[in-house]
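These notes concern the structure reproduced below.
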Amino acid sequence: SAVISQKPSRDICQRGTSLTIQCQVDSQVTMMFWYRQQPGQSLTLIATANQGSEATYESGFVIDKFPISRPNLTFSTLTVSNMSPEDSSIYLCSVGDRAGGYTFGSGTRLTVV
Amino acid sequence: DAKTTQPNSMESNEEEPVHLPCNHSTISGTDYIHWYRQLPSQGPEYVIHGLTSNVNNRMASLAIAEDRKSSTLILHRATLRDAAVYYCILNNNNDMRFGAGTRLTVKP
């Protein structure tokens, strides 16, 4: 299965600022997925990112708030913009693997103060 | 919207088998049944997946009902390291949506 390196692992940010989360995969993948996990909750899909096209966002998530880049087949970034305390969550990236399962990064734990 | 229903929590004794149920009565013919688990402070980890037939791997077994409206994840011998939240997910064309999952507690 793919190996994902996600950075940073955690951060504490001031409200009104932005944070960019990076996801690096050790193999080429067509689709990358970004999830949010709010405290004590399950995972919610934010968007799907294909290389060479704009990301597809789920209901409740907008590009202005969560811009995504996908410059190549092994890398993606998610930016959390104009942060508020409500954005405090764990953010995770995920990719599909050849065997049919999905691999997840270890997550970025974001605290907004 | 999650398309699966799981018990909120289950308990097991160490070294005993665990059967984690999942109901997915609205499953379509092309939905794969996936199971993931999330240990504390980690991202979800793939456990197993299947379409129609029962599946076995080194981590677990997946038993799928004949009508595919339910499935059961079987951990053959629970260890303390198996304590986690287990998610049953229907996946169709990369549409992976998590429900609330089952929190498994393993007692020594």
Side-chain angles (χ1 to χ4, degrees), chain A residues 1-10 21 23-25 29-51 53 55-61 70 78 89-111, chain B residues 1-9 20 22 24 30-62 64 71 73 84-105:
Chain A
S1 60
V3 176
I4 297 176
S5 174
Q6 188 173 339
K7 297 178 180 179
S9 59
R10 59 178 62 229
I21 301 166
C23 188
Q24 178 74 52
V25 190
V29 294
T30 303
M31 301 175 76
M32 296 181 74
F33 308 91
W34 287 98
Y35 288 84
R36 179 177 73 181
Q37 187 170 29
Q38 294 177 301
Q41 302 296 313
S42 181
L43 283 75
T44 301
L45 182 63
I46 297 172
T48 301
N50 288 331
Q51 194 269 334
S53 63
T56 302
Y57 289 83
E58 297 299 311
S59 175
F61 298 96
R70 185 79 204 276
L78 170 76
S89 293
I90 298 172
Y91 293 85
L92 303 105
C93 63
S94 174
V95 301
D97 66 40
R98 295 182 187 277
Y102 292 77
T103 300
F104 288 79
S106 55
T108 296
R109 183 179 295 272
L110 170 62
T111 302
Chain B
D1 294 333
K3 297 178 284 187
T4 61
T5 304
Q6 300 176 251
N8 290 333
S9 62
L20 296 164
C22 181
H24 28 79
T30 54
D31 283 336
Y32 281 79
I33 302 161
H34 282 240
W35 284 83
Y36 291 79
R37 70 180 186 181
Q38 188 172 25
L39 281 65
S41 300
Q42 295 187 26
E45 174 188 27
Y46 170 80
V47 178
I48 201 166
H49 78 286
L51 183 62
T52 56
S53 302
N54 295 343
V55 185
N56 300 296
N57 66 21
R58 63 176 180 81
M59 289 184 69
S61 295
L62 175 59
I64 301 173
S71 61
L73 179 70
V85 178
Y86 286 78
Y87 296 100
C88 167
I89 303 166
L90 299 184
N91 181 35
N92 189 342
N93 195 27
N94 291 309
D95 186 15
M96 287 272 293
R97 295 172 192 274
F98 284 72
T102 296
R103 181 174 298 278
L104 175 66
T105 302

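None of these values were measured; they are calculated from a predicted model. The sequence lines fix the lettering, A, B, ..., with proteins before strands; numbering per chain opens at 1.
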Report task. Could you please state which residues from residues 51-58 of chain B sit under 4.5 angstrom from chain A, measuring non-hydrogen atom to non-hydrogen atom, sorted by number, or 'none'? Result ->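 Hits under 4.5 Å: none found.
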Query raised in the report: Are there residues of residues 86-95 of chain B that reach to under 4.5 Å of chain A by heavy atoms, and which ones?
Result: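 Residues in range: B:Y87, B:N91, B:N94.
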Query raised in the report: Under the side-chain contact (heavy atoms from CB on, under 4.5 Å) criterion, do B:S41 and A:R109 qualify, and how do the steps go?
Result: CA-CA 9 Å; B:S41 300; A:R109 183 179 295 272; 4.1 Å; yes
Query raised in the report: Where is the tightest heavy-atom contact between A:S42 and B:F98, given as atom of each residue plus distance?
Result: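 The pair with the smallest heavy-atom distance is OG-CB, 3.2 Å.
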Query raised in the report: In terms of heavy-atom proximity below 4.5 Å to chain B, should A:E58 be classed as side chain, backbone, both, or neither?
Result: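 Side chain of A:E58 only, per the 4.5 Å heavy-atom cut-off to chain B.
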**Report entry** Under 4.5 Å from a heavy atom of chain B, the part of A:L92 involved
**Finding:**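 Looking at A:L92, just its side chain touches chain B.
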Query raised in the report: Around B:Y32, counting heavy atoms of other residues, nucleotides and ligands shown, do more than 12 lie under 6.0 Å from its OH?
Result: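 It does not: B:Y32 OH has 12 such atoms or fewer within range.
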Requested in this report: With rounding to the nearest 0.5 Å, note down the distance linking CG in A:L43 to CZ in B:R97.
Outcome: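 Between atom CG of A:L43 and atom CZ of B:R97 there are 12.5 Å.
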Report task. For this output row, return yes or no: ring centroids of B:Y36 and A:Y35 closer than 6.0 angstrom. Result ->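 Between B:Y36 and A:Y35, the centre distance exceeds or equals 6.0 Å.
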Query raised in the report: How about A:Y102 and B:M96: do any of their side-chain heavy atoms sit closer than 4.5 Å?
Result: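 Yes, their side chains come closer than 4.5 Å.
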Query raised in the report: Of all of A:A99, A:G105, A:G100, A:S106, which one pairs up most often with chain B through heavy atoms under 4.5 Å apart?
Result: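 The candidate making the most pairs under 4.5 Å is A:G100.
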